[in-house]
Amino acid sequence: MSNLYFFFSILFVSFSVINGGLVTLTMENLDAVLQSGQVVFVAFCAEWCPFSRRLRPIFEEAAQKFDVEHPNKSVVWAVVDSVQHPDVSDKYFVNKYPTMKVFINGELISKEYRSTRSVEALTAFVLQQLDVSITEFPSKVYLEAGIDRSKRNVIGYFADRTSAEYGNLKKVASLLREDCSFWVATDEALKGVNGNLLKFRDPDTDDEQTYTGSFTDYDFLKQWLMDKCIPLVREVTFENVEELTEEGMPFLIFFRDPADKEGDKIFSELVMRELYDQKGAVNSLLADGHKFAHPLKHLGKTAKDLPVLAIDSFQHMFLFPDMHELDQPGKLRQFVLDLHSGKLHKDFHETLDQRIADLQKLALEQAAQDGEAKPPGVLPDGESTPKPSVFKELKPSGKRYSLLQKTEL
């Protein structure tokens with residue numbers, strides 16, 4: 001029965017193919033399409049969106065070119081008409097068009113495609129997803145010489161490369177290739193190792209943690225590796241800020257001089273100790289205080305004040321009151337809990353008038369030092385509220401997307 005189902009699923013997929021090997025994705029063929037290739041590259045488009053109309057022929061040409069140049073690669077190019085099939089877009093929380101997502105071995109990877117929209121760039125991206133995500137090492141000496149200790153590394157020992165256990169590791173490695181470096185032993189490195197073994201090497205401490213679960217339990221293995229490879233504290237950059245804002249969680253931002261590695265370590269340890277249960281409630285981030293000078297200025301701070309800790313709730317930005325108290329037990333946790341309870345917002349408005357006056361005074365002083373007639377962003381006389389969230393403004397650019405309401409950001 002299962003073989004018959006598989007046959008009709010593949011047959012259904014084949015009838016869904018349009019010009020150049022591009023598949024039209026619907027809820028009816030969704031599962032079959034996602035399982036039909038090692039990599040499935042999907043463009044979510046809307047006919048009313050001019051950016052979607054521009055992408056569609058480029059995406060189709062890229063699919064045609066890829067099929068001709070790489071006929072033996074297990075890749076499916078698919079497109080979703082989000083007007084005719086909004087249920088598919090809703091399933092993956094797509095609310096801007098066009099959006100391009102990647103599925104590997106049937107699973108959605110977290111990062112969307114956000115680079116150049118050209119045939120060359122699209123095909124190069126897909127080829128990159130097919131690259132081997134695991135590096136082999138024949139000996140301990142080879143491993144130690146080649147490993148990058150500044151990265152998060154996963155080291156595996158599997159005698160049988162055809163086993164389901166090793167297959168599970170390969171699947172997870174393809175999903176987390178940008179978050180961790182994966183190494184697997186061969187030859188001499190396997191000597192003396194009994195059974196399968198997997199270790200995670202922490203870049204901060206160089207300590208190794210051993211996986212103790214079952215290698216046949218794919219979901220458990222994936223969750224263990226995700227917890228290790230995706231840290232509680234990440235770096236925010238102008239390249240990934242859009243992606244981070246779309247996760248929908250407030251930003252807890254530690255603005256610092258990136259050369260201060262000790263400060264990074266202290267903040268990361270604080271987050272792990274006090275916000276261990278807040279991973280899905282707040283995004284803990286490191287930010288280059290020199291590159292993100294505008295948010296600092298918005299807070300009335302400059303590079304001279306680093307480090308600075310703040311929360312951006314996507315409504316307002318809240319400044320941690322006293323950096324000298326940051327390492328005091330419970331202070332960081334209370335700061336985050338006060339955000340969730342609404343206390344920060346309440347306190348913010350109770351002191352609003354004085355905050356506005358202080359910000360105006362500081363901005364005018366800075367403008368005078370810089371020789372500006374009037375600094376940009378200074379609140380005009382009579383303004384009742386300060387400038388809202390800075391990082392909210394770094395969400396998708398109007399030059400890239402249209403919204404469901406057919407307006408542009």
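If you read the sequence from its start, that first residue is 1, and numbering goes on from there.
Classification of the F254-F267 ring pair by plane angle, with boundaries at 30° and 60°, yields parallel. F215 and Y211 have perpendicular rings, their planes meeting at more than 60° on a 0 to 90° scale where under 30° would count as parallel. Taking the six-membered ring where the residue is Trp, F59 and W77 present perpendicular rings, their angle passing 60° and hence far from 30°. F66 and H70 have tilted rings, their planes meeting at an angle from 30° to 60° on a 0 to 90° scale.
Here the side chain of D305 pairs a donor or acceptor atom with the backbone of T302 at under 3.5 angstrom. Judged purely by atom type and a 3.5 angstrom limit, S284 has no side-chain atom pairing as donor or acceptor with the backbone of V233. Between the side chain of R149 and the backbone N or O of D206 there is no donor-acceptor pair closer than 3.5 Å. Of the possible polar contacts, none joining the N29 side chain to the A32 backbone as a donor-acceptor pair under 3.5 Å is found. Under a 3.5 Å cut-off, the side chain of R256 and the backbone N or O of A287 do form a donor-acceptor pair.
For the residue pair S139 and E188, the shortest heavy atom distance occurs at CB-OE1, 4.3 Å. Nearest approach of L55 to A43, heavy atoms of both residues: CD2-CB, 4.3 Å. Here the shortest heavy-atom pairing between S52 and C45 reads OG-CA, 3.6 Å. Smallest separation of non-hydrogen atoms from V76 and S36: CG2-OG, 3.5 Å. The shortest heavy-atom contact between L34 and V40 is O-CG2, 3.9 Å. Between F255 and L299 the shortest heavy-atom distance is CE1-CD1, 4.3 Å.
Crowding of F320 atom CZ: a count of heavy atoms from other residues, nucleotides or ligands under 6.0 Å exceeding 12. For Q278, the CD atom is densely surrounded, since the number of other residues' heavy atoms within 6.0 Å is greater than 12.
From I253, atom CD1 reaches atom CG of L285 across 6.5 Å, with rounding to the nearest 0.5 Å. Atom CZ of R152 sits about 13.0 Å away from atom CG of D148, to the nearest 0.5 Å. Remark: E165 CD to D217 CG distance equals 11.5 Å, nearest 0.5 Å. Distance CZ/F200 to CD/E208: 10.5 Å, rounded to 0.5 Å. How far CG of L143 is from CD1 of I155: 5.0 Å, rounded to the nearest 0.5 Å. Rounding to the nearest 0.5 angstrom, the gap separating the NZ atom in K222 from the SG atom in C229 is 13.0 Å.
At least one side-chain heavy atom of L252 sits less than 4.5 Å from a side-chain heavy atom of L309. In this structure the side chain of L221 reaches within 4.5 angstrom of the side chain of L225, judged on heavy atoms. Using a 4.5 Å heavy-atom cutoff, the side chains of Y276 and M272 are not in contact.
At a cut-off of 3.5 Å, with distance as the only test, a side-chain donor of E239 or T237 sits close to an acceptor on the other residue. D322 and H324 form a side-chain donor-acceptor contact under 3.5 Å, judged by distance and modelled atom types alone. In this structure, a donor-acceptor pair under 3.5 Å is absent between the side chains of Q223 and D219. If you check the side chains of Q209 and K199, you find no donor sitting under 3.5 Å from an acceptor. Between the side chains of Q35 and D31, no donor N or O sits under 3.5 Å from an acceptor N or O. No side-chain donor-acceptor contact under 3.5 Å links S118 and T116.
Screening F125, F103, F44 for a ring-ring contact (aromatic ring centres under 6.0 Å, His included) involving Y113 leaves a single residue, F125.
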Ignoring hydrogens and angles, write down the donor-acceptor pairs under 3.5 Å from the side chains of residues 325-333, residues two or more places apart or on other chains.
residue, atom, partner, partner atom, Å
E325, OE1, K331, NZ, 3.4
R333, NH1, E274, O, 2.7
R333, NH1, D277, OD1, 3.0
R333, NH2, D277, OD2, 3.0

I'd like a table of donor-acceptor pairs (distance under 3.5 Å, sequence neighbours excluded) in which one partner is a side-chain atom from residues 172-186, with atom names and distances.
residue, atom, partner, partner atom, Å
S174, OG, K171, O, 2.6
R177, NH1, Q129, O, 2.8
R177, NH2, Q128, O, 3.0
R177, NH2, D131, O, 2.9
E178, OE1, K111, NZ, 3.1
W183, NE1, N153, OD1, 3.1
T186, OG1, F137, O, 3.4

For this session: Check step by step if side chain to side chain contact (heavy atoms under 4.5 Å, CB included) holds for L244 and E242.
Result: CA-CA 5 Å; L244 290 172; E242 178 184 318; over 6 Å; no
Problem set entry | Candidate pair L319 and V308, rule side chain to side chain contact (heavy atoms under 4.5 Å, CB included), full reasoning | CA-CA 8 Å; L319 191 64; V308 172; 3.4 Å; yes
Exercise. Would R161 and E136 count as a salt bridge (Lys or Arg N to Asp or Glu O under 4.0 Å) if you check the C-alpha gap in whole Å, the side-chain angles of each, and the deciding distance to 0.1 Å?
Worked result: CA-CA 12 Å; R161 302 296 185 80; E136 296 183 345; 3.0 Å; yes
For this session: Might you work through the side chain to side chain contact (heavy atoms under 4.5 Å, CB included) test for V80 and S89, ending with a clear yes or no?
Result: CA-CA 8 Å; V80 177; S89 297; 4.1 Å; yes
Exercise. After noting the C-alpha distance and the side-chain angles of S313 and Q315, does the key distance pass the side chain to side chain donor-acceptor pair (under 3.5 Å) rule?
Worked result: CA-CA 5 Å; S313 70; Q315 287 182 308; 4.5 Å; no
Problem set entry | Steps toward side chain to side chain contact (heavy atoms under 4.5 Å, CB included) verdict (L296, L306) | CA-CA 9 Å; L296 281 178; L306 296 176; 3.8 Å; yes
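Using a 4.0 Å cut-off between charged nitrogen and carboxylate oxygen, K96 and E112 count as a salt-bridge pair. Using a 4.0 Å cut-off between a side-chain N of Lys or Arg and a carboxylate O of Asp or Glu, R234 and E247 qualify as a salt bridge. Under the 4.0 Å criterion applied to side-chain N and carboxylate O atoms, E269 and R273 are not assigned as salt-bridge partners.
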